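Beneath this line is the structure, given in structure tokens, with notes to follow.
These figures come from a predicted structure and were not determined experimentally.
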Amino acid sequence: MTGCGQEKHLALSEDINKLEQKKRETVILAQQFEERAEKQEKNLVAKEWSLRNQDERFMEKIRSMQEENQKLKTREHNMKEDICFLKKETEKLEAICSSGVERKMVFKGKLIDNFPRCGINAKHQIRYPVKGGTALIVFEEASVAANIIRKRHHRVPIEECYINVKAEPVDLVVLDELSMDMNRSPRKILVSNLPAAAESEETLLDKLELFFSKSRNGGGEVENREFLEDSRSVILTFAKEGGRL
């Protein structure tokens, strides 16, 4: 082999070695690229699962908040109904406590001229002003009232709820002495001992007015008439004095 042929052979061998080296480097780079691609793919899959789990947690939290909101709305509605019910019951109690009962009284004693001054026995009918939201309770035994006042604060059940009340003593004003002047009215009469008839009150008043308005019965023109339910008596007022029996 000549010198020129040897040089060519050496140059070709060197080129082959360089190609082999490049090939090995290329293979190494390809392996590194595949490893990096596989690692990136795993990271993407992990992030995707993490995002899905996060979305599920968020949706669960939203559903829980919606359920809690619905419960709060239901509770608010029930509380409004309870408040409305308590207001109505309070109004009823205030109406009952603040209402007074008027009772007419009739004197059934004897009337005589020149009535002398003397003492009389009278039974007190005590009326106590009751403000709205309060009630006056009278017990048969004073010890029961004393025990309740001593405890002071009480919790009273009313249907499905409770009300807190406070018991306090009551100061009643009682008259020690009563002075009365009694005069016979010249224009009024009291018709008593009326039977419990089946006819109406108005019919009974019409019959009495008709009877006592006639002069032959010793009467006269009737100006006013008043029916007393407690004693089933009638007070007739004549227009003029002397128009009476």
Next item on the list: Decide yes or no on side-chain contact (heavy atoms from CB on, under 4.5 Å) for L205 and V234, but give the supporting numbers first.
Entry: CA-CA 8 Å; L205 291 174; V234 175; 3.7 Å; yes

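- For the pair S213 (side chain) and E209 (backbone), a donor-acceptor distance under 3.5 Å is present.
- The existence of a salt bridge linking R152 and E168 is confirmed by a sub-4.0 Å separation between a basic side-chain nitrogen and an acidic carboxylate oxygen.
- With salt bridges taken as basic N to acidic carboxylate O contacts below 4.0 Å, one links E76 and K80.
- Taking the charged nitrogens against the carboxylate oxygens, E202 and R225 do have a contact shorter than 4.0 Å, which makes a salt bridge.
- Side-chain atoms of N78 and R75 form no donor-acceptor pair, as typed in the model, at a separation below 3.5 Å.
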Checklist line | Derivation of the side-chain contact (heavy atoms from CB on, under 4.5 Å) call for S233 and V191 | finding: CA-CA 6 Å; S233 302; V191 183; over 6 Å; no

Note to self: side-chain contact (heavy atoms from CB on, under 4.5 Å) for T237 and V222? Distances and angles first, verdict last.
What the structure shows: CA-CA 6 Å; T237 304; V222 177; over 6 Å; no

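- With a 4.5 Å cut-off on side-chain heavy atoms, T203 and K207 count as touching.
- More than 12 heavy atoms of other residues, nucleotides or ligands lie within 6.0 Å of CD in Q21, so this atom counts as buried by the packing criterion.
- For the pair H154/I148, a side-chain contact is recorded, criterion being any heavy-atom separation below 4.5 Å from C-beta on.
- Atom CZ of R24 sits in a crowded spot, with more than 12 heavy atoms from other residues, nucleotides or ligands closer than 6.0 Å.
- Crowding of R36 atom CZ: a count of heavy atoms from other residues, nucleotides or ligands under 6.0 Å not exceeding 12.
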Note to self: Before you tell me yes or no, could you show the steps for E229 and F227 under side-chain contact (heavy atoms from CB on, under 4.5 Å), namely the whole-Å CA-CA distance, both residues' side-chain angles and the distance that decides it to 0.1 Å?
What the structure shows: CA-CA 6 Å; E229 296 181 2; F227 184 78; 3.8 Å; yes

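- No salt bridge links K71 with E67; every basic N to acidic carboxylate O contact stays at or beyond 4.0 Å.
- The main-chain N or O of F238 is found under 3.5 Å from a side-chain atom of R187 such that the two form a donor-acceptor pair.
- Through side-chain heavy atoms spaced under 4.5 Å, either directly or across other Ile, Leu, Val, Met, Phe, Trp or Tyr residues, I16 is tied to L12.
- Judged as a side-chain hydrogen bond (donor to acceptor under 3.5 Å, both in side chains), and not counting sequence neighbours, Q66 has no contacts.
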May I have the list of side-chain donor-acceptor pairs in residues 41-54 shorter than 3.5 Å, sequence neighbours left out?
{"from": "N43", "atom 1": "ND2", "to": "K39", "atom 2": "O", "distance (Å)": "3.3"}
{"from": "E48", "atom 1": "OE2", "to": "R52", "atom 2": "NH2", "distance (Å)": "2.9"}
{"from": "N53", "atom 1": "ND2", "to": "W49", "atom 2": "O", "distance (Å)": "3.2"}

